[in-house]
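First comes the structure, then the notes that go with it.
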Amino acid sequence: MHFEVTATDGAARAGVLRTAHGDVPTPVFMPVGTKATVKSLHPDEVSEAGAHILLANTYHLHFRPGEQLVAELGGLHAFMGWNGPILTDSGGFQVFSLRDTITAVDDEGVTFRSVYDGTAARFTPESVARIQAQLGSDIAMCLDVCPPAGVSAREAEEAVRLTTLWATRQREAPHASGQLVFGIAQGGSDRELRTRSIAELTGLDFDGYALGGLSVGEPRPEMLDTVGWAAPLLPAEKPRYFMGIGDPEGILEVIARGVDMFDCVLPTRLGRTGTALTSHGRLNLRNAQFMRDPRPLDERCSCPACTRFSRAYIRHLVNQQELLGLRLLSLHNLRHLLDLTAGARAAIQAGRLADFIANALAGDAREPQ
Ligand SMILES: [Zn+2]
C-alpha cells in the first residue's frame with residue numbers, strides 16, 4: 001500500500017505516503033518549486049527546513065525549459081538536484097486561472113496561448129500525462145477544469161463533466177514507472193455537484209484524490225464547510241490533497257477536517273514582501289518599529305534566520321532589497337509552516353489536535369510583538 005493512516009483524532013489523520021523517492025509523513029505541507037526551484041533557496045536548505053516533498057508546475061516546466069530537455073538531463077529530480085519526492089500538478093489550474101488566454105475548451109482538451117510568448121498551445125489528458133511522465137515526478141495530477149468561485153450552475157456542471165471525462169482518459173494514459181496518479185474533484189461548494197464529482201472520480205480508483213476548485217475566491221467559512229463534508233466522502237485509505245492553501249489557520253483547519261496534503265507559494269511570496277509568519281502573528285519587517293529590534297523574528301524558531309540575525313538586521317536587508325533578506329524570510333516562513341504541520345501531526349498522534357490548534361491560533365491572533 002502506498003498510503004497508511006497511522007493515527008486519527010476526530011476527522012484528522014496522521015499517516016505515511018510512500019513514493020518512489022521516499023516516504024512522506026502526513027499531514028504534509030508541500031513547498032512550491034514552480035520552475036523547478038523553491039525561489040531563492042538551495043534544495044538542501046529546503047530539506048533542512050523540514051520539507052519532505054516538493055510541488056513543481058507542469059505548465060511552467062512544459063514551456064521553460066520543456067519536458068524533453070528535462071528528460072534528456074535525467075528527469076526532474078536530477079535536473080533540480082532534489083532527490084526527494086516531487087508532485088507535479090497538471091497545468092490545468094494555470095490554464096484555467098489565466099482565463100483570458102483560453103481560446104477553446106472541448107471534450108478533447110483545452111487550447112490556450114502560452115503566458116510566455118503568446119503562442120498557441122493545447123493540453124489534453126494524454127499530453128499532460130506524457131509531460132509528467134517525462135518530468136518523472138512521483139505523483140502526477142489529472143488535468144481538470146477549475147472554474148473560479150461564482151460561475152453559473154451550467155459552467156460549474158460542465159467543469160465537473162469535463163473533469164471526469166479527462167480523468168477517465170488520463171487514468172489509461174502511460175505514466176512514469178512508480179508514478180502515483182491523483183484525481184481532482186471539482187464542483188465548488190455545491191453539494192450535489194461536488195458529491196457527484198467525488199463519486200465519479202473515486203469510481204476510477206486513483207492513488208489519491210484532491211479537492212480542487214476551493215480557495216478560489218469563495219468566503220473562507222463556505223470553503224471550510226465544504227471541506228468538512230466533502231473530505232469524508234473520499235476513501236479513507238487514500239491520501240487527500242487540498243490544492244492551494246498555506247496560511248497557518250487554513251492549514252490547521254483543513255488538517256482538522258481530514259486533509260493530508262497541501263501546498264502554497266505563501267512562505268516565499270510573503271518573504272518577497274518583507275513579511276514573516278511567526279507564532280505571534282505576521283510581522284511586516286518594513287514597519288519602523290523593528291528598526292532597533294534586536295530580537296529574532298520568532299524566539300521559538302530555530303531556523304537559520306532566527307538563530308543568528310535580528311529583526312533590525314533583516315528589516316535593513318528588506319528595505320535595501322538585499323537578496324539575503326528575501327532568502328532569510330523565505331527560509332523562516334518555510335520553517336514556520338513545516339514546524340506547524342509537524343506539530344499538528346504530533347498532536348494528532350497524541351490525540352490533542354484541538355488544543356494544539358487553539359494554542360496556535362491564539363498566538364496567531366495576538367498583536368505582533
Ligand atoms: Zn525562524
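As the structure lists them, so they are numbered: ligands from 1, and atoms in each ligand from 1. Position 1 is the first residue of the sequence, and the numbers go up from there.
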Practice problem: Work out the angle at the Zn ion (ligand 1) between SG of C306 and SG of C303, rounded to 10°. | Solution: 110°
Quiz item: If you look at every heavy atom in A156 and L193, which pair is closest and at what distance?
Solution: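 Taking every non-hydrogen atom into account, CB-CD1, 3.6 Å.
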Quiz item: Is it true that the side chains of D263 and Y241 contain a donor and an acceptor less than 3.5 Å apart?
Solution: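 Distance-only check passes for D263 and Y241.
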Exercise. Check H332 and report its N/O/S atom nearest to the Zn ion (ligand 1), by atom name.
Key: ND1
Quiz item: Does any N, O or S atom of H336, backbone or side chain, fall under 2.8 Å from the Zn ion (ligand 1)?
Solution: no
Quiz item: For the side-chain contact (heavy atoms from CB on, under 4.5 Å) test, which of L329, L328, L285 pairs with L317?
Solution: L328
Quiz item: Would you say L61 and L143 are hydrophobically clustered, going by side-chain heavy atoms of ILVMFWY under 4.5 Å?
Solution: yes
